[in-house]
Amino acid sequence: MVDQRYVPELSVVIPAYNEQHQLERTLEAVGFHAGRASSRYEIIVVDDGSSDSTWDVLQQCAMRMRGVRGIRLSRNFGKETALCAGLEEARGAAVIVMDADLQHPPELIAMMVHLWRTDAKADIVEGIKRVRGTEPLTKRLGAKAFYGALTRLTGHRFEGASDYKLLDRKVVDAWKRLPERTTFFRGMIVWLGFRTVQVEFDVPPRSGGKTRWSFLSLAKLALNAIIAYSAVPLRLIGVVGLLFLLGAFALGAQTLFRKWTGDAVTGFTTVILLLLVIGSAVMISLSTIGEYVAAIYNEVKGRPRYLIRERVERETEGNELALSGSRHA
Ligand code: UDP
Ligand code: MG
């Protein structure tokens, strides 16, 4: 329920999945820094179907701390979807999205808000990772390969991007008009355009628990992103097909020549090799097409992105302030 009397200037959206150990610490830090940045702020925590006591912690925090609201999704939908839920819920003139594990330092909030207020060019203030913290080498290499590929395949710049961002209200409203079911937040924001200002930050180690991303879930995210933002893999099938066609011409000519000159029996190895190579090429092509078809099917079903199970919000919130603010006031 949107309370018309209370319009915050700043919304902070935090997706949380099994974050019981550090959620309270995070909310305290975020509340403190958001309060320094703006007197009218709200913090929206989206509990992404956690299986630990994240929701209980969140309920207590929402009762105790100013401006904290909670939404609980009906199951684990994944971070991207949890972000969607939070963004749709946010009412602020500026919305900051950040992680629940303090890897996105809350000290940056004041600076982001300051940039957004003073710099008319700052529709989006984007946090750029300076050092990828203590991430293992494999993950760093994986991220580099993925963003490199995505940048090349889509023509948009992705490198160094993080999910720590401040979005102006008009960006959030524009984002809400993108109807796709399978979302890739970073990609959508890049696609939207608008004017972006960047601030660098160091990624500290996770404040507790361990990363929620397995290799498989990261690979799935990468695949979704590539399929959603690029048709290059489909075109690649055509290119490979063309190469095979050229080969077919050459080999065809040679075969015919040999038949006419009378020594046609050799070349059995060639036949086997050709069968194997072409067979795998065809199957890879089919599966590539299959991935796109599956993505289309998912979109066409048109199911809601997420379902909300319950909410928590302190009743008195609406009475605190009745002003609605304008951006460069
Ligand atoms: N997260 C979520 N749903 C998930 C997985 C993660 O809401 O299914 C949240 C998580 O609670 C955290 C953020 O997404 O706030 C980033 O997750 P994590 O820190 O595990 O990712 P990493 O920093 O390792 O990329
Ligand atoms: Mg993290």
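Numbers here are sequence positions counted from 1.
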Indicate yes or no for a side-chain donor-acceptor contact from Asp101 to the backbone of Gln103 under 3.5 Å, with no hydrogens or angles considered. yes
Measuring from Leu73:CG to Glu310:CD, what's the distance to the nearest 0.5 Å? 11.0 Å
Can you tell me if Asn18 uses its side chain to pair, donor with acceptor, with the backbone of Ser51 under 3.5 Å? yes
Roughly how far, to the nearest 0.5 Å, is the CZ atom of Phe32 from the CE atom of Met65? 13.5 Å
May I ask you to check whether over 12 heavy atoms, not counting those of Phe257, lie within 6.0 Å of atom CZ? no
Would you check if the side chain of Thr54 reaches a backbone N or O of Glu19 as a donor-acceptor pair within less than 3.5 Å? yes
Minimum heavy-atom distance between Met63 and Val312, given as atom pair plus value: CE-CG2, 3.6 Å
Under 3.5 Å: donor-acceptor pair, side chain of Tyr17, backbone of Phe77: no
How about NZ on Lys176, more than 12 heavy atoms from neighbouring residues, nucleotides or ligands closer than 6.0 Å, or not? yes
Distance-only, no hydrogens or angles: does the Thr26 side chain make a donor-acceptor pair with backbone N or O of Ala100 under 3.5 Å? yes
When rounded to the nearest 0.5 angstrom, what is the spacing between CE in Met188 and CH2 in Trp175? 5.5 Å
Backbone N or O of Arg181 within a donor-acceptor pair of the Glu299 side chain at under 3.5 Å? yes
Please report the closest heavy-atom contact between Ile226 and Pro233, naming both atoms and the distance. CG2-CG, 4.2 Å
Can you list the residues that meet the side chain to side chain donor-acceptor pair (under 3.5 Å) rule with Glu24, with sequence neighbours excluded? Arg64
Could you tell me if the side chain of Tyr292 sits less than 4.5 Å from the side chain of Ile289, heavy atoms only? no
For the student: nearest non-hydrogen atoms of Ile124 and Val171, plus distance: CG1-CG2, 4.0 Å
Counting distance only, does the side-chain N/O of Glu42 pair as donor-acceptor with the main-chain N or O of Arg91 below 3.5 Å? yes
Got a sec, which residues hit side chain to side chain donor-acceptor pair (under 3.5 Å) with Glu200, two or more places apart in sequence or on another chain? Arg130
Are any side-chain N or O atoms of Arg305 and backbone N or O atoms of Glu180, one a donor and one an acceptor, separated by less than 3.5 Å? yes
Report the relative orientation of the aromatic rings in Phe201 and His104; use parallel for angles under 30°, tilted for 30 to 60°, perpendicular for over 60°. perpendicular
Check for me, please, whether Val240 and Val282 land in the same ILVMFWY cluster - side-chain distances under 4.5 Å, paths through other members count. yes
Main-chain N/O of Phe185 paired to Glu80 side chain as donor or acceptor, under 3.5 Å: yes
Does Glu28 have any side chain to side chain donor-acceptor pair (under 3.5 Å) partners at least two apart in sequence or in another chain, and if so, which? none
Taking atom NZ as the centre, does Lys259 end up with more than 12 heavy-atom neighbours from other residues, nucleotides or ligands that are less than 6.0 angstrom away? no
Leu115 side chain near Met112 side chain, heavy-atom distance below 4.5 Å: no
Evaluation steps, side-chain hydrogen bond (donor to acceptor under 3.5 Å, both in side chains), between Glu126 and Thr196: CA-CA 7 Å; Glu126 182 180 35; Thr196 307; 5.4 Å; no
Of the options Ile44, Leu27, Val46, which is the one that meets Ile14 in a side chain to side chain contact (heavy atoms under 4.5 Å, CB included)? Leu27
Value rounded to 0.5 Å, distance of NE2 in His114 from CG in Leu108: 12.5 Å
Pro15 versus Met98, closest heavy-atom pair with distance: CD-O, 3.2 Å
Between Arg309 and Asp47, does any NZ, NE, NH1 or NH2 come within less than 4.0 Å of an OD or OE carboxylate oxygen? no
When rounded to the nearest 0.5 angstrom, what distance separates CD1 in Ile237 from CG in Leu242? 13.5 Å
